[in-house]
Amino acid sequence: RIITREDFSNLYILDPQNRRVAIFTKRGALVSQLVVSSAAQVSALAVSSDETKLYVLDGTRVLEVSLGE
């Protein structure tokens, strides 16, 4: 799954098999990779409108991951 919007700076790619989110610039440069090790089964991803938080669906739980510094 790939998440982006016209006003986002980045592309967010969900890799559910590895419980990972890869973040790339829209030009293709890798920004970071986040592994959600506390998740058992990652199935969906959402990004806040200001790109400061990720929301990951783990079964019936929604996990919030801060992208802030």
Side-chain angles (χ1 to χ4, degrees):
R1 292 178 172 52
I2 299 174
I3 304 284
T4 195
R5 292 187 353 193
E6 186 176 339
D7 58 335
F8 278 4
S9 300
N10 299 311
L11 299 169
Y12 300 86
I13 301 175
L14 177 64
D15 176 6
Q17 185 175 12
N18 296 307
R19 298 179 312 212
R20 177 176 69 125
V21 177
I23 304 170
F24 291 88
T25 67
K26 289 188 175 179
R27 294 188 168 264
L30 179 65
V31 174
S32 66
Q33 296 183 64
L34 304 169
V35 176
V36 188
S37 57
S38 63
Q41 181 183 5
V42 174
S43 60
L45 171 70
V47 181
S48 65
S49 61
D50 60 0
E51 294 184 90
T52 60
K53 295 183 182 179
L54 293 176
Y55 301 95
V56 179
L57 184 60
D58 175 26
T60 59
R61 299 182 312 152
V62 176
L63 307 174
E64 181 180 299
V65 179
S66 178
L67 297 174
E69 297 173 29

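What's counted below: heavy atoms across the whole structure, side chains too, no hydrogens, waters or symmetry copies.
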key: Separation between CZ of Phe8 and OG of Ser48, rounded to the nearest 0.5 Å   = 6.5 Å
[X] and [Y]: same hydrophobic cluster, using ILVMFWY side-chain contacts below 4.5 Å?
X: Val35; Y: Val47; value: no
X: Leu54; Y: Ile3; value: yes
X: Val56; Y: Leu11; value: no

note = Contacts satisfying salt bridge (charged side-chain N to carboxylate O under 4.0 Å, His left out) that involve residues 46-61 (not counting sequence neighbours) are Lys53-Glu64, Asp58-Arg61
Applying side chain to side chain donor-acceptor pair (under 3.5 Å), name anything that partners [X], two or more places apart in sequence or on another chain.
X: Gln33; result: Arg20
X: Arg1; result: none
X: Arg5; result: Asp7
X: Gln17; result: none

List the atom of [X], the atom of [Y], and the distance in Å for their closest heavy-atom pair.
X: Ile13; Y: Ile2; answer: CG1-CG1, 4.0 Å
X: Ser43; Y: Leu14; answer: C-CD2, 4.0 Å
X: Val65; Y: Leu34; answer: CG1-CD1, 4.2 Å
X: Phe24; Y: Val31; answer: C-CG2, 4.0 Å

inquiry  = Between Thr4 (side chain only) and Asn10 (backbone N and O only), is there a donor and an acceptor less than 3.5 Å apart?
reply    = yes
task = Kindly give the cluster partners of Tyr55, where membership spreads through any ILVMFWY side chain lying under 4.5 Å from a current member.
result = Leu57, Val62
